[in-house]
Colleague: 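First, the structure itself, so that you have it in front of you.
In this text the structure is predicted, and so the values were computed from the model without any measurement. Side chains are part of it too, since the values below use all heavy atoms of this structure and drop only hydrogens, waters and symmetry mates.
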Amino acid sequence: MSEKVRVRFAPSPTGPLHIGGVRTALYNYLFAKKYNGDFILRVEDTDQNRMVEGAEQYIVDCLKWLGIEPNEGVSFGDGSYTPYRQSERKNSYRQYAEKLVEAGHAYYAFDSEAELEQSKAANPNAKYDAETREHFKNSLTLNKDEVTDLLKSDAHYVIRIKLRANEDVKFYDEIRGWVTVNTSQMDDKVLLKSDGMPTYHLANVCDDYVMKITHVIRGEEWLPSAPLHVLLYRYSGWENEMPKFAHLPLLLKPEGNGKLSKRDGDRLGFPVFLLEWTDPKTNEVSSGYKEKGYLPEAVLNMLAFLGWNPGGTQEIFSKEELVDLFTIEHIHKAGAKFDFEKAKWFNAEYIKRLDDKVLASLVKEDVEEKFGTVDTQYLCRACRLVKERLIFLNDITSAYGYLFKTPAEYEEAILFKVKNIKEILILDDFIQLIGTFYEKDEEIENKIKEFATTNAIKAGDLMKFIRVSLVGEFSGPAIPDLILLLGKEEAAKRIRNCYDQI
RNA sequence: GGCCCGUUCGUCUAGGGGUUAGGACAGGAGAUUUUCAUUCUUCAAACACGGGUUCGAUUCCCGUACGGGCUACCA
């Protein structure tokens with residue numbers, strides 16, 4: 001590639017960024033980094049009515065958490081094309097629209113909302129295009145003086161693109177190949193709204209041109225309007241600098257049909273957002289991957305593989321490796337259903353590969369919040385013990401709290417299953433045995449088994465009892481490891497405590 | 001409805017004119033483990049359908065079905 005690659009992620013801050021949008025951002029990031037290009041965050045806030053408080057900051061936070069920070073754009077430092085918020089670029093768009101009018105590729109339209117609705121009501125398929133625009137109130141049907149007067153008065157008007165009738169518009173999509181749409185299927189889209197704001201189409205094309213964007217990588221929902229954008233480049237005289245297009249397949253619901261939507265997350269008990277989001281109007285809270293205990297690296301890896309695959313059988317890749325491997329050619333064409341089980345697997349894999357110390361530092365806050373101050377050394381050892389059993393980071397506090405807190409009371413039903421130990425075990429003898437344990441787990445295991453035989457206790461029964469004492473349930477890490485971690489005194493204390501409760 | 005895009009195991013996917021169609025997740029079985037998890041072994045599981053083209057099609061072409069998207073002064 002001769003010119004410098006520049007891509008952009010251009011969300012509109014109308015709510016929390018969902019996982020599909022995040023993947024779009026990720027692909028843009030990977031592509032940019034692969035070619036040592038620029039990755040830009042541009043906020044498309046041209047619809048003032050749909051703006052949601054906090055949404056822009058939320059987008060920024062998501063990108064930061066995932067580790068795919070733009071090197072230019074809103075809140076990531078100015079490049080040469082500031083500002084990066086379209087509302088702040090408002091004044092720049094009119095000139096381009098006016099130029100199109102002058103060149104005969106656009107026109108003023110004065111139809112009121114009511115009038116447009118009326119025509120829609122008369123014919124639901126009504127279009128505003130080459131065939132029908134003569135029936136509307138616009139600078140093509142009105143005479144010059146009327147138009148001048150209307151423009152001078154404070155009448156509301158929009159600028160619409162003037163499409164030629166029955167013209168095939170062809171463009172090349174990097175993922176799908178050539179796509180052709182006939183203008184008879186499109187209509188004279190509004191370019192500049194009556195409030196002076198550009199629509200997506202105009203703003204998008206102008207900014208991509210001005211910001212020297214080389215590749216437009218966006219969701220497939222934009223595919224049908226891409227021909228319109230191509231025409232805008234052509235009519236503006238920018239066709240030679242038109243970016244390449246790549247329309248990404250959509251992320252679909254895990255079950256049933258349809259595009260993954262914001263509601264799916266909590267309905268299915270899994271997040272569709274990276275970060276927890278509280279709706280500023282309803283105060284409704286939607287869960288996030290971060291809060292659920294996902295590692296950003298795992299989410300990134302998982303997301304990268306949803307619709308893309310480098311070939312081969314390896315699935316765990318670092319961000320750097322993904323950057324290295326990423327190519328648009330390997331992006332799949334069909335939509336991908338989101339699979340939460342696979343997401344869990346990725347997370348568990350990443351946790352397993354974490355260094356004990358790193359894991360400890362990641363869970364420290366959660367642990368201390370629930371169980372009070374914990375010795376770092378101890379936390380590291382606890383982490384090593386449960387690392388390969390964790391799916392989520394906070395499993396350590398929800399499922400392995402006994403590593404940090406003495407079980408106070410044991411469940412009746414569980415005690416019932418070990419109660420036979422009461423008559424056959426001489427507690428003091430066993431406590432004494434614990435005192436003889438050294439720092440080796442086979443040695444501990446052997447001693448326990450030996451003790452069982454000499455005291456005519458089934459080894460399994462003894463183990464079960466010890467396990468319940470230490471943990472409060474029938475599953476968990478190996479008993480010798482547990483004893484070594486908790487310490488002989490704590491272990492003895494728990495065993496005595498449990499024995500007393502039987 | 002119209003237009004555009006798509007369709008390989010349940011899911012994510014590899015592959016591509018001649019393959020026992022490969023991997024992963026989930027599922028089944030087994031081994032290891034005092035337990036659970038991990039780990040290991042193993043099993044089951046797919047080219048939507050119908051026509052072409054071809055010696056040969058899952059792969060190329062056309063149609064059908066199905067799925068998705070778009071069809072706003074929303075992005």
Colleague: Regarding A:Lys352, tell me which of base, sugar-phosphate or nothing describes its non-hydrogen contacts under 4.0 Å with the strands shown.
Modeller: sugar-phosphate
Colleague: Would you classify A:Lys417 as touching base, sugar-phosphate or nothing, given that sugar-phosphate means primed atoms plus P, OP1 and OP2, and contacts are heavy atoms under 4.0 Å?
Modeller: nothing
Colleague: Once ring pair (Phe, Tyr, Trp, His ring centres under 6.0 Å) is applied, do any residues pair with A:Tyr200, and if so which ones, sequence neighbours excluded?
Modeller: A:Trp222, A:His229
Colleague: Evaluate A:Glu44 against A:Arg85 for salt bridge (Lys or Arg N to Asp or Glu O under 4.0 Å), listing each step before the verdict.
Modeller: CA-CA 6 Å; A:Glu44 312 231 331; A:Arg85 227 176 253 116; over 6 Å; no
Colleague: Across the strands shown, which category fits A:Gly219 at heavy-atom distances under 4.0 angstrom: base, sugar-phosphate, nothing?
Modeller: nothing
Colleague: Within the structure shown, what part of the strands sits under 4.0 Å from A:Asn204 by heavy-atom distance: base, sugar-phosphate, or nothing?
Modeller: nothing
Colleague: Per the atom types in the model, does the base of B:rA24 pair as donor or acceptor with the side chain of A:Lys342 at under 3.5 Å?
Modeller: yes
Colleague: May I ask you to verify if any side-chain N or O of A:Lys127 is less than 4.0 angstrom from the OP1 or OP2 atom of B:rG2?
Modeller: no
Colleague: Is A:Glu445 touching bases, backbone alone, or none of the nucleic acid, heavy atoms closer than 4.0 Å?
Modeller: sugar-phosphate
Colleague: For the base of B:rC5, is there a side-chain donor-acceptor partner from A:Arg176 under 3.5 Å away?
Modeller: no
Colleague: Contact class for A:Ala343 vs. all strands (heavy atom < 4.0 Å): base, sugar-phosphate, or nothing?
Modeller: nothing
Colleague: Applying a 4.0 Å non-hydrogen cut-off, can you work out what A:Gly460 is touching in the nucleic acid: base, sugar-phosphate, or nothing?
Modeller: nothing
Colleague: Mind checking A:Ser12 for me? I need base, sugar-phosphate or nothing, with any heavy atom below 4.0 Å counting as a touch.
Modeller: sugar-phosphate
Colleague: Could you check whether A:Lys344 gets within reach of a base, just the sugar-phosphate, or nothing at all, counting any heavy atom under 4.0 Å?
Modeller: nothing
Colleague: What nucleic acid atoms does A:Ser225 come within less than 4.0 Å of, heavy atoms only: base, sugar-phosphate, or nothing?
Modeller: nothing
Colleague: Determine whether the aromatic ring centres of A:Tyr209 and A:Tyr233 lie less than 6.0 Å apart.
Modeller: no
Colleague: With a non-hydrogen cut-off below 4.0 angstrom, is A:Val158 in contact with a base, only sugar-phosphate, or nothing?
Modeller: base
Colleague: Using OP1 and OP2 only, check whether a side-chain N or O of A:Thr313 sits under 4.0 Å from B:rA14.
Modeller: no
Colleague: Assign A:Glu388 to base, sugar-phosphate, or nothing according to its heavy-atom contacts below 4.0 angstrom with the strands shown.
Modeller: base
Colleague: Counting only side-chain nitrogens and oxygens, does A:Lys193 get under 4.0 Å of the OP1 or OP2 atom of B:rC74?
Modeller: yes
